[in-house]
Amino acid sequence: MKANAMSNFEIVTREDFSDVTYLLEVRHPLMAKAAKPGQFVIVMLNEHGERIPLTIADFDRKKGTITLVIQAVGKTTRQMQAECKVGTKLYGMVGPMGIPTHIAKAKKVVCVGGGLGVAPVFPQARGYKEAGAYVIGVLGFRNKDLVFWEDKFRAVCDELILCTNDGSVGMKGFVTDGIKVALAGHNDIDEVVAIGPPVMMKACADATRAAKIKTMVSVNPIMVDGTGMCGGCRVKVGDQVKFACVDGPDFDGHLVDFDDLMVRLSRYTKVEKEAHERWSESCRMTKQVGAAALDALARGHVQQAELLELPDPLDDAPGG
Amino acid sequence: MAKKKTIRTIPQERTPMREQNAQARAKNFEEVACGYNLEEALRESERCLMCPDQPCVSGCPVSINIPGFIQKINEKNLRGAYDILTDTNLLPSICGRVCPQENQCEGVCTVGESLEAVAIGRMERFVGDTAIKEGWVNIPYIEPNRFRVGIVGSGPAGMACAADMAKAGCDVTVYEAFHQAGGVLKYGIPDFRLPNEVIDAEINNLKKLGVKFECNTLVGRLFTIEQMIDEMGFHAVFIGVGAGYPTMLNIPGDSSNGVLSANELLTRCNLMRARDFPNFDTPLPIGKRVAVVGAGNTAMDATRVSLRLGAEKVYCVYRRSRTEAPARAEEVHHAEQEGVEFHWLTAPVAVLDDGKGNVRGMRCVRMELGEPDDSGRRRPVPVAGSEFDFETDLIVYAIGTNANPIMGQTSKLKLNKWGYIGADDNLATSVAGVFAGGDIVTGAATVIQAMGAGRKAARSMKAYLGIRDPGLPYISAEGAGTLFGIDARERNFARVRIA
């Protein structure tokens, strides 16, 4: 076993599930070997980028790859959506971080994934299946068009409950309605694993509180290093303050203070929005430059060789 | 020979170091202290008495031949001075800046008994910077041996250990979790105290010695310490991961937005370049008024970074008095000059929020000093009924760090009751072949102490691997001297004991 140069994170597969959700499969044989369900990575798109935590959605030890499923919600994730193509490389990817999910000797487990939590709950569902548990999957999407990985989940779940807000596929309702169905059908559920936006995980924890079913959630707060150094990712769990990166990211959902988590997640909303607007603006500018260059070429003002050196905006230029 | 110098014949005043004007520098990230030029260094070198006791050498954690390098400066032989420095310290530009010399070499200087001590640190920095400018590197003759050494953490402890092991002929790989090497020197210490170019220059010197740096590698999680020894073919491993895990105050309101650790503030600003937002993506909205809690060197860095990021008012809140402040006097002085407002004998009791989870102020209580506590410092006691509120929109905790838990979580290493890695006097851990040093063993300390620990661990590792220690130079029968331009000591120190 030898460590390869840790600066070469090539994207080998890209898949777009919808306008906002996309999958990147990144080559990192060592990490694929080490990764376990529940862990995350920190990614840097380029040298000027920020470090963003992303939960590992899948890992393939044979191929030596790590799969990330990303929702384009902020500046960095949108920029990744625009720039990450097969063959391009990420500037940084470090992990697997966090304490792996404790795949307990549970006999019957409900794995709940909603929105950006659908993909990260997959390794856990598979982990439980491999450990011999009866796995009930509950997945929530807004509508039929946004559904992805149904096959993958069907392969590792004994039962799969699909929920959509509009009922276009599966049952109409939220994942909490799906949990209710699961709980109604089984009175011997040992554990519920819920991953998704904080508000969803909160609702899931509330749904199981009365029945006192152990409910684990995976939190993904703002962090910088991911190694326990900055303390930005601190969450209130019971009467303790925990760092999600090294004490988590899995915590007992009945103890996590979700309101506190949601407030803390909002702390850079304003600057984040500004950054995104500035970035969108600069993209538009680049496109205009591309178009202007084509125009100039048509008028014979620019040598063709010079034009060839311009980056890909030409691809996007109308009629170009 | 020149007449012997006495305390009366040397320049009486310590040569001052030029500094950026306080008002100007509080707005930029350029270095505060400009460093000596040749003339200034020569004048200061005159002040060393070349006393026979050399207390400075024993005051130095790595025992640099201080009178030796000062003598070379005095002879205008800067390359010679650099050679002497790098005999024991590969990182003179860093140490010249960040060592607390007043407690080390300069604290015991003979001249310092009657006048101001010789400015050893400033001269060290001058020589180191000259070397960077001139592109000097001292690459000793290295006889490669068959040993592979893994180093976890690229901070000062890891760098120092890597240098010594590479010089001894080992194949050294340094692992770093961040995307850039340097550890606390990069993410913690701001550019105006230690410019990144200086760190990179010193790291490049290590690379020239053959040291490999692997960034983006979280040891413990990507592979374990045990795997390094059992599967990856490392014969010895040094752990120098630092303490890191920041302490929060645990007062009401701690989790409000706008309360952050000094580590987070400094990492965002220094490593992630939030100060160049939006050119760099990491944000760090600083607010108008910043309150930094604590009075150590990290706290001073946090106050001064906040000023430079554009805060209108920066307060430093500390529960003891100025005398007890752990920061170097020079740092407190610099912060004060730049306009930081100090509130001594003041302790925060609650963070006040605006009802939407954002910081709006801090409730504090006045303190007075009581009986000395375990640390020998007088214990601060709250004055009843002295609570008061003040407005602030960013609160930075710089009150120390705890042990990072990752090593403990992922290996069988024995930890002490505070979670630091247990190591014996030779810095050997409970796992054979694995050594540890720096903050992860002792708890938070200084850069030079970490470097000292890295070198001490290197000595132990060499003993463990059976490599002759260069500290005990083997002199050939023909006597010392050079052969084909190679110093005899350098030629021989990489001998491997035949088992």
Side-chain angles (χ1 to χ4, degrees), chain A residues 1-7 9 28 30-31 33-35 39 42 44-52 75-76 79 91-99 224-232 234-236 241 243 246-247 257 259-264 266-268 270-272 274-275 278-279, chain B residues 150 173 175-179 187 212 214-218 220-224 227-228 231-233 241-242 244-248 250 254-258 260-261 263-268 271-274 276-285 353 356-358 397 401-402 404-406 409:
Chain A
M1 178 164 149
K2 194 178 178 318
N4 296 315
M6 297 299 161
S7 54
F9 313 104
H28 197 319
L30 211 49
M31 202 192 294
K33 225 168 158 182
Q39 292 187 300
I42 285 205
M44 269 181 96
L45 174 59
N46 55 41
E47 232 179 314
H48 287 205
E50 52 183 339
R51 295 169 65 89
I52 57 163
K75 190 248 173 182
T76 298
Q79 193 178 354
Y91 171 72
M93 182 165 88
V94 56
M97 292 167 149
I99 301 177
V224 182
D225 56 296
T227 61
M229 221 192 64
C230 76
R234 57 193 193 274
V235 282
K236 279 188 193 161
V241 174
F243 288 3
V246 289
D247 301 322
D257 184 340
D259 297 331
D260 185 69
L261 178 66
M262 282 183 262
V263 170
R264 289 192 56 75
S266 71
R267 64 189 171 128
Y268 293 125
K270 196 166 147 254
V271 272
E272 169 64 43
E274 285 167 18
R278 217 175 284 115
W279 176 72
Chain B
T173 307
Y175 294 105
E176 166 60 44
F178 268 127
H179 51 285
Y187 75 75
K212 293 184 283 269
E214 295 275 9
C215 292
N216 289 303
T217 307
L218 181 61
R221 293 277 172 217
L222 188 61
F223 45 80
T224 62
Q227 277 178 297
M228 289 176 78
E231 298 170 29
M232 295 169 71
V241 295
Y245 197 96
T247 312
M248 301 314 265
N250 289 325
D254 255 357
S255 68
S256 310
N257 287 335
L260 70 168
S261 71
N263 268 0
E264 181 170 358
L265 176 96
L266 294 171
T267 306
R268 281 178 182 271
L271 178 76
M272 304 309 297
R273 300 269 144 175
D276 296 329
F277 182 84
N279 186 22
F280 281 71
D281 287 341
T282 303
L284 180 54
D353 74 30
K356 287 181 232 146
N358 304 309
Y397 290 161
T401 52
N402 293 313
N404 188 298
I406 294 177
Q409 287 168 351

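Predicted model only: the values in this text are computed from it and were never measured. Every chain is numbered from 1, with letters handed out A, B, ... down the list of sequences.
Residues B/Asn216 and A/Phe9 meet the side-chain proximity criterion, which asks for heavy atoms closer than 4.5 Å.
With sequence neighbours left out, the ring pair (Phe, Tyr, Trp, His ring centres under 6.0 Å) criterion links B/Tyr397 to no other residue.
Note: B/Gln227 CD to A/Leu30 CG = 8.0 Å, rounded to the nearest 0.5 Å. We find the CG-NE2 distance between B/Leu222 and A/His28 to be 5.5 Å, quoted to the nearest 0.5 Å. To the nearest 0.5 Å, atoms CE (A/Met93) and NE2 (B/His179) are separated by 15.5 Å. For the atom pair CE of A/Met229 and OG1 of B/Thr401, the computed distance is 10.0 Å after rounding to the nearest 0.5 Å.
Side-chain atoms of A/Arg234 come within 3.5 Å of backbone atoms of B/Asp254 as a donor-acceptor pair (strictly under, hydrogens ignored). Checked by atom type and distance alone, the side chain of A/Asp225 never pairs as donor or acceptor with a backbone atom of B/Phe178 at under 3.5 Å. In this structure, the side chain of B/Asn263 does not engage the main chain of A/Gly231 through any donor-acceptor pair within 3.5 Å.
At a 4.5 Å heavy-atom cutoff, the contact between A/Thr76 and chain B is made by side-chain atoms alone. Residue contact with chain A, scored on non-hydrogen atoms closer than 4.5 Å, involves the backbone of B/Ser256 exclusively. Heavy atoms of B/Pro246 lying under 4.5 Å from chain A belong to its backbone as well as its side chain. Neither the backbone nor the side chain of A/Ile42 comes within contact range of chain B; no heavy atom of the residue lies under 4.5 Å from a heavy atom of that chain. Residue A/Arg264 touches chain B through both its backbone and its side chain, counting heavy-atom pairs closer than 4.5 Å. When heavy atoms are compared at a cutoff of 4.5 Å, B/Met248 approaches chain A solely by way of its side chain, counted from C-beta outward. For A/Met31, the parts sitting under 4.5 Å from any heavy atom of chain B are the backbone and the side chain alike.
Listed options B/Ile406, B/Thr173, B/Thr267, B/Leu260 were ranked by heavy-atom pairs under 4.5 angstrom with chain A; first place goes to B/Ile406. Looking only at heavy-atom pairs under 4.5 Å with chain B, the residue among A/Gly49, A/Gly228, A/Ala34, A/Gly95 that has the most is A/Gly228. Ranked by heavy-atom pairs under 4.5 Å with chain A, the first of B/Gly244, B/Pro283, B/Ser255, B/Gly357 is B/Ser255. When each of A/Met44, A/Gln39, A/Lys236 is scored by its heavy-atom pairs under 4.5 Å with chain B, the top score falls to A/Met44.
A pairwise comparison of heavy atoms in B/Tyr245 and A/Val246 identifies CE1-CG2, 3.6 Å as the closest pair. Closest approach of B/Leu218 and A/Thr227 over heavy atoms only: CD1-CG2, 3.6 Å. Between B/Asp281 and A/Glu50 the shortest heavy-atom distance is CB-N, 3.5 Å. Across all their heavy atoms, B/Phe280 and A/Glu47 have their closest contact at CE2-O, 3.8 Å.
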